[in-house]
Amino acid sequence: MNSNDSTECTLPLNPVVPFLRTERMPHIWCPGCGIGTTVNCFARAVMDCGIPLDELAIVSGIGCTGRVAGYLKLDSFHTTHGRAIPFATGLKLSNPKLHVVVYSGDGDLAGIGGNHFIHAARRNLDLTVILVNNFTYAMTGGQATPTAPKESIETTAPYGVFEEPFNLPHLAASSGAVYVARWTAYHVVQTKKAILEALQKKGFSFVEILAPCPTIYLRRNRLGGAVEELKYYKEHCVIQNGADTKDVGIDLRHQDKVTIGKFLDIEKKEYYDAYQEHYAGLLKGGKQAVAGA
Amino acid sequence: MNSNDSTECTLPLNPVVPFLRTERMPHIWCPGCGIGTTVNCFARAVMDCGIPLDELAIVSGIGCTGRVAGYLKLDSFHTTHGRAIPFATGLKLSNPKLHVVVYSGDGDLAGIGGNHFIHAARRNLDLTVILVNNFTYAMTGGQATPTAPKESIETTAPYGVFEEPFNLPHLAASSGAVYVARWTAYHVVQTKKAILEALQKKGFSFVEILAPCPTIYLRRNRLGGAVEELKYYKEHCVIQNGADTKDVGIDLRHQDKVTIGKFLDIEKKEYYDAYQEHYAGLLKGGKQAVAGA
Amino acid sequence: MDKRIEIRIAGFGGQGVILMGIILGKAWALFEGKEAAMTQSFGPEARGGACSAQVVLEEGKVLYPYTTQADILVAMSQEAYNVYASSLKPEGTLLIEEELVKLEKALPALRTFAIPATRLAEEAGRRMVTNIVMLGFLTATTGIVSKDAMKQAVESSVPKGTEALNLKAFEMGYTYGLERYVAN
Amino acid sequence: MDKRIEIRIAGFGGQGVILMGIILGKAWALFEGKEAAMTQSFGPEARGGACSAQVVLEEGKVLYPYTTQADILVAMSQEAYNVYASSLKPEGTLLIEEELVKLEKALPALRTFAIPATRLAEEAGRRMVTNIVMLGFLTATTGIVSKDAMKQAVESSVPKGTEALNLKAFEMGYTYGLERYVAN
Amino acid sequence: MQRKRRFEGVVMITQERCKGCTVCVEFCPVHVLSMSDAFNQKGYHFPELKDPEKCSGCDLCGMYCPDFAIYAFKREMKEAS
Amino acid sequence: MQRKRRFEGVVMITQERCKGCTVCVEFCPVHVLSMSDAFNQKGYHFPELKDPEKCSGCDLCGMYCPDFAIYAFKREMKEAS
Amino acid sequence: MAELLYQHAEPEAVLSGTHFMDGNHAACEGAIAAGCRFAAGYPITPSTEIVERFAERAPHVGAMFIQMEDEIASSICLQGAVWGGLKAMTVTSGPGFSLMMEHTGYAAMTETPCVFVDVQRAGPSTGLPTLPAQGDMLQCRFGSHGDYEAIALCPSSVQECFDFMIEAFNLAEAYRVPVFFMMDECVGHMTEKLVIPDAREISVLGRRFTKKPPEEFLPYAPGEDLVPEMVKAGDGYRFHVTGLTHDERGYPSTTLATQRQLVVRLIEKIQRNAPKIWKWEERNLQGAEVAVISYGISARVALKAIELAKQDGIQAGLFRLITVWPFPGQRIQELATRVRAIVVPELNLRGQVANEVERAVQGRCPVVPVGHPGGGVHDPQDIFHAIKEALS
Amino acid sequence: MAELLYQHAEPEAVLSGTHFMDGNHAACEGAIAAGCRFAAGYPITPSTEIVERFAERAPHVGAMFIQMEDEIASSICLQGAVWGGLKAMTVTSGPGFSLMMEHTGYAAMTETPCVFVDVQRAGPSTGLPTLPAQGDMLQCRFGSHGDYEAIALCPSSVQECFDFMIEAFNLAEAYRVPVFFMMDECVGHMTEKLVIPDAREISVLGRRFTKKPPEEFLPYAPGEDLVPEMVKAGDGYRFHVTGLTHDERGYPSTTLATQRQLVVRLIEKIQRNAPKIWKWEERNLQGAEVAVISYGISARVALKAIELAKQDGIQAGLFRLITVWPFPGQRIQELATRVRAIVVPELNLRGQVANEVERAVQGRCPVVPVGHPGGGVHDPQDIFHAIKEALS
Ligand SMILES: Cc1ncc(C[n+]2csc(CCOP(=O)(O)OP(=O)(O)O)c2C)c(N)n1
Ligand SMILES: Cc1ncc(C[n+]2csc(CCOP(=O)(O)OP(=O)(O)O)c2C)c(N)n1
Ligand code: SF4
Ligand code: SF4
Ligand code: SF4
Ligand code: SF4
Ligand code: SF4
Ligand code: SF4
Ligand SMILES: [Mg+2]
Ligand SMILES: [Mg+2]
């Protein structure tokens, strides 16, 4: 049954539509781009978790993934390249009732934004960080990100990447994150669930989503299109919940598997709670001691 | 037996003197400052490891520790705050015969410089990184660094630090370092040995040295002077070579021990070697394929 | 400025519009030994956004590298046509991807050449060579550059390993042009 | 500018030179109700570098906040003395930490007051209060500010919990000054 | 165009948003969809329902579609709207 | 000022560099050093040899001294220079 | 268009009374009085005392200080806090200021009202960290890529550090721009009497929040004064903010028309309102032969030179810039017709403000810059000689 | 003082012949021909092609490219490489350039010869990433804190991207400064014929390495032209480099005297040598009533306007700046006495170069800036109208 956006109102809407700035469709993402898929998962997770949309803010950096903020009908901030996390830090701390989601790319969060990533994790700030890992700086045409697999071809590694990539779940966990998961754009149901859990988790939660970039990364590496990539994930991913993050590094060219799953879900005092507690003790009976409270 | 610098030549010189720009003495460090102690260890390690001094370069960032470069009679670079590692990267790659040592403070390398730290470790660049951890931004008067222990008093945390500090050996190891050790200014012999090993190690080696800052950190925290701090290390440090870096976080106020030792010493292909190998394979028979070769 | 040919090629990202400009300019500048300047404008999208190339061909140095009123407009999408049709000279030539562009009304003074380039490219083997089909078509219908020069330019501009496919696409477009508009 | 007193206090980092300037200025500005400006210059060292404070005391607003020729120079180190002695007015007053400063030759026109402030501070209990000893001494020997105002300024400027120690140090310096130079 | 079981799956397709990536077609667990031969305005082929009666309304197509061009839902058996 | 055993430890002190931190005194394993009552030009007390004959020449004082103001070495027994 | 709603400062946050305080601390008190309730910073000499004091005062005034991992983080974190609803500042000096350049531009582009404090020290590069300069005056104007306008204020005394910090926050709110509070090390570390008035005597401009309901609200549709109304996160507006060129809805738009509409407005909103923004002080200019134009600490040094000139029989007066950007070129042009020469002492060698004076004067009278490399202040004699020279 | 030793380019590194290439690729070839053997970069539109090509060419010419984690790292990594002995560059566009501001100052202070390429796009902030502007012209001059002087070149064609990139490297070596190669998106993405000459026709300036032995060498003692000789790590000089104010030995020194000596020299070495650095092109200025002063792509658009003027009977000529900094104010001052008006079209709204022209002209003739917000180029009609207006 085919239809345009103006479906009769008796039919349920596309569940993503209440989240979309539909007036901005079509979006700029390419055919088969995995980013849109992750947005579907995000929208469904938000629906399920019951956070009022007015209390949900989304912050992106710059990049194809960075455009997510601009398409979501939330209080949404498209900041500068790599700086979504420190912006989100100010936003969250100034207005603690907000649920703040950082949604950006591998280059943005782990390349230029690496320092903010580890420091926010260290602080265990209550942010949900969704990182779409397409193994490339896609928006600028496909340069090697810090997650680019060894031997992959990127415009700035025309003879193949020889650098060691980051194992992002491990970096996040080692820096202090309390929730760490990795899924792929093939695993839409689990991705949705992971985002849901991350949204509900207090503290720094991190969801890495491997997603196809057919135009740039897959094409340059002659890996087919979105369908082939999703099939690859279907066939080669091994779900290993609770795996030691040390062991979940991705080496697509030398290993035949990618470990995915929920790796970490621990309790640790969140930054703002710690702050409130700290000051409550110190300044008892004083004035209102806490910003935004 | 007292003497001025002009000792008769029959007597051995202070072993640190050949490394010092003696015309710049006295240095700016305060009475009892642990940085000078680490320099003694460094000088003795260099002497023992046999690297010709003309092939040894030292790069510092900005801070009290950052002044090390300026006092050492080596090719020495006092760069910008936090950027010693990327400067060292260019220096090393442009002139691979050099042994490049990065010598700087906790704030410099793990605060503002954190992104370079993790990325250089990821690349496993052949650098020896010596980090003097005095738990404070000392040169600017004592603000909280990312290693500042919980509840310590810093000028920007006048009611005590409530943030979680970094466990730097763990961060280094998780990012890709091949040699990771932590010692203190009390453990001068081991510190010297660790620096020696780090100098000899190919790849990213990291030595954290806990050192007293009597003027700023100790005074503000009413922890006595240098002597008291060194005694504290003597009494509370537990040497645990090979400890899982996950478990070596420092929490001076809630634990009664500090784990020190050589935590990691593994083999992994170094960046420049990987580069040469990569290109040698790809461009066989071509022109000189490698910078500086 | 004596003889000066201004060409605008427009479509959306992914259609290879810029490469068309490059090949055309290169054919003229390198293989015909004259002077050309190709300028481009594109949006942030890797795919799908509006995208256009301006090519100026001259005998001598190109000082001003932009088109004012194009002698030739190649419209690869409806939007491209809508935006740029008005900037075509009254006596100009219009080339369109006929399955993607619908002309509101045939513009009287224009010479208009239409080709289902995308479909032909799919026939040739890959949709990606739509642009080269169009270049073949342009060569046949406008005759501004010699077929030889164009083929050299195509060969030296496409990714290694795809030369055959691209030359095939070029020929398809060329032949289509000859057959539909020139030969008869 | 009518009555204007210019004071330079110099020593090395760690001696509390800047705090001396603050206390002096504060005594004048807050507790004598006039106007003062204190400016400082210091090096990168937390300890040991050259360090100096300039204090300008006026009845009305201080426009130009620097000393040109000081009425009073307090030299807490040899280097300070060497550098700044020449900027003292011919009829000016010189105060020195006598164990750290050796005068090459007594400068004839100057009134010079010397005190072993460091040693007295160590006697008082902590070397850190050398500066306050010196301020007591300055109050006694120069009389530019009232003892009361100075004590209030000391009390309100030193770290909480150290008031007693500091006031003791102040008294020691004050008494030393009275006894050595004023009383007899 | 959908057929009835206990639940019927209803698939909604916004042709003009589709970019022809074929992901929905490939990953529909019960192969309900196929790509049409027609082009939309942007020149893309879009999916159409090959076997609508098989649709479970699982909405996997909806979760996959990068372009928000398709989604599905379950409806209790009654006449299709 | 040092005395002989198999090896004698020789300690060299550059008074004017010393900042009086007392670290060398505290951590000399055999308590060779003590702080002098005198000030140097900067106003610091500096170490002097209390029990020179005990010195092993281990140079720990040298490794500790933040100011490069002291160091030591071992010398085979002969007359001190 | 939302009117400008001034309120009194919060009484419990204002330390009314007489203090003997340095400029850095006074600046912090000014910020708190102005309603600043969030600061993000990273230590750097000679500015750190400002955030140190803020950290100490924060819990008492319901504010928060966060020390970020670097200046880049600080300079965007504070903008997050602004969009969360607070007034916010960051504080730095030269090297840190250089690192903030991307985000000063972001603030200009997104019209995020906020205050950047730069306590200037001698450069370039690490330079002389503890010594003064006025070498960043053009950096605050041109240091970020692309076109924008900013406001910059220079205090000359401890009292002004307090007073004009309040002004800085008010201007930020009024025009939705980053305001640069350009101190110098001298003013920052100078200790003087500071009189903090009663909270009721302090006017604080509230944020220009819209009263429109979400359906009617266009986040980047300007009011008459070219300034759009504001909203904050969490209030149901579901708005979008981007550093990309954007239309009135706040959505990215890659057309030249949008670029023109947006960027021209960003510039015009300052240029057109400049006369309302300008602040300066004139001293003894009535009948003066020479006008000395200066700012910050240099203006006070200049007073000494003017005194020397007077002793030498030369009538010189002071035109002290308080607002340096937007530059009060008009007023200076006028001035140039009334004096025989203009002398511009400042603590930099490239005549950062002198150039602007020259441009305004357009040859109407000679302009003599008195440069200085920083690391100290002018010898008043040097300015005095320039005054004499200017007349010959 | 080491003389300037020019050598031929390395033949195997020069792709001699005729190409149809865009400006970005040509700039890369220019750098390689100039001897650049190290590049550190971070992707950003519209500049990335330069390093992409460099990465591809590197192994063939014995060079190395490293993609760093961000622009801050890139902008200091390349300086490490310079001190290791190589010629090096980094490449970026607006937002990345803003992040490099601390390190342009470090290069100026440490006198590290290197090249920063900025392919200008429309700002402020993220702006219009794929569209042109000339809005960073003052940023490259004033964007870092403190006082320093820099050199900036603007190419107008693909050929100039190649030719002047070589010049940029030569100037960097000659004066030991960061040289800013200020392209714009148009020039970077314009494809034209490029003739790369034979390597023997390309003059490349070698590094001014000292011949003195270590004992006699003072790293920051200037030669007659105010430029010190250089050394590199590993050669036994055991020298020190710092961003602090330093004496001739390269050691930090916190005195005002050192600051004056150093910073004045850093500025003078460019100002005094400016006539040797300046490059411009004049077209039809003989007898022109109006001079159009422009640079980069705008200068080519201006030519069209000049043609329109000619059709309208107005004699207008072009003064095309190639060296923008140091600014050839003298020459323009002269020009101002010969024409009736000056028109300055550029792709920014604050008259970044027009201001400088005004200052040079000092009222000798009217100066009419023709601003543009970027995101496209001028309509030649607008420049033509300005020309007409300027005469009325
Ligand atoms: C400071 C700065 N540097 C560089 C850029 C250019 N830039 C824009 S998007 C992008 C790539 C983003 O890559 P990633 O985060 O992986 O997102 P993707 O496009 O792959 O989704 C880069 C480098 C920029 N806008 N700002
Ligand atoms: C970009 C920049 N930001 C801030 C500073 C100020 N700064 C100088 S030293 C320093 C502290 C260094 O602390 P750390 O690295 O721990 O060294 P320490 O002094 O403790 O040895 C800071 C923040 C600077 N010079 N540059
Ligand atoms: S370039 Fe890649 S990541 Fe970006 S929109 Fe296209 S497919 Fe997605
Ligand atoms: S402030 Fe601390 S770290 Fe710095 S020199 Fe003094 S004691 Fe050492
Ligand atoms: S809802 Fe499920 S079964 Fe129906 S078409 Fe979509 S994927 Fe296939
Ligand atoms: S997944 Fe979406 S975009 Fe792709 S073919 Fe199906 S409907 Fe079209
Ligand atoms: S050498 Fe060893 S034993 Fe001798 S004084 Fe030094 S620390 Fe003591
Ligand atoms: S360790 Fe060095 S500085 Fe400290 S007391 Fe001993 S000699 Fe002096
Ligand atoms: Mg990516
Ligand atoms: Mg430290």
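Just so we're on the same page: letters track the sequence lines, and every chain starts at 1. Values in this document were obtained by computation on a predicted structure and should not be read as measured data. What's counted below: heavy atoms across the whole structure, side chains too, no hydrogens, waters or symmetry copies.
- Cation-pi geometry between B:R123 and B:F204 is not met at under 6.0 angstrom from the ring centre and within 45 degrees of the axis.
- Looking at H:R265 and H:E111, a side-chain N of the basic residue comes within less than 4.0 Å of a carboxylate O on the acidic one, giving a salt bridge.
- Between H:R53 and H:E29 there is a salt bridge, with a side-chain nitrogen of the basic residue lying less than 4.0 Å from a carboxylate oxygen of the acidic one.
- Both the backbone and the side chain of B:A69 come within contact range of chain H, judged by heavy atoms closer than 4.5 Å.
- In terms of heavy-atom pairs under 4.5 Å with chain B, the best-connected choice from H:Q79, H:H103, H:M109 is H:H103.
- Using cut-offs of 30° and 60° on the angle between ring planes, the pair B:Y275 and B:Y279 is tilted.
- Atom NZ of B:K192 sits about 15.5 Å away from atom OG1 of B:T37, to the nearest 0.5 Å.
- Heavy atoms of B:R24 lying under 4.5 Å from chain H belong exclusively to its side chain.
- Contact annotation for B:K97: only side-chain heavy atoms (C-beta onward) come within less than 4.5 Å of a heavy atom of chain H.
- Comparing B:I118, B:T89, B:N115, B:L74 by heavy-atom pairs within less than 4.5 Å of chain H, the highest count is held by B:L74.
- Counting only N and O atoms by type, the side chains of B:T156 and B:Q143 include no donor and acceptor under 3.5 Å apart.
- If you measure heavy-atom distances from B:L53 to chain H, the contacts under 4.5 Å come from both the backbone and the side chain.
- Between chain H and the options B:G70, B:G90, B:P52, heavy-atom pairs under 4.5 Å are most frequent for B:G90.
- The two residues B:D108 and B:H81 have their closest heavy-atom pair at OD1-ND1, 2.8 Å.
- In this structure, chain H has no heavy atom under 4.5 Å from any part of B:Y71.
- Neither the backbone nor the side chain of H:A40 comes within less than 4.5 Å of any heavy atom in chain B.
- Interface remark: H:Y106 contributes side-chain atoms only to the contact with chain B (heavy atom separation under 4.5 Å).
- Salt bridge annotation for H:K211-H:E229: absent, with no cationic side-chain nitrogen under 4.0 angstrom from a carboxylate oxygen.
- When each of H:W83, H:Y251, H:F65, H:Y237 is checked for heavy-atom pairs under 4.5 Å with chain B, H:Y251 comes out on top.
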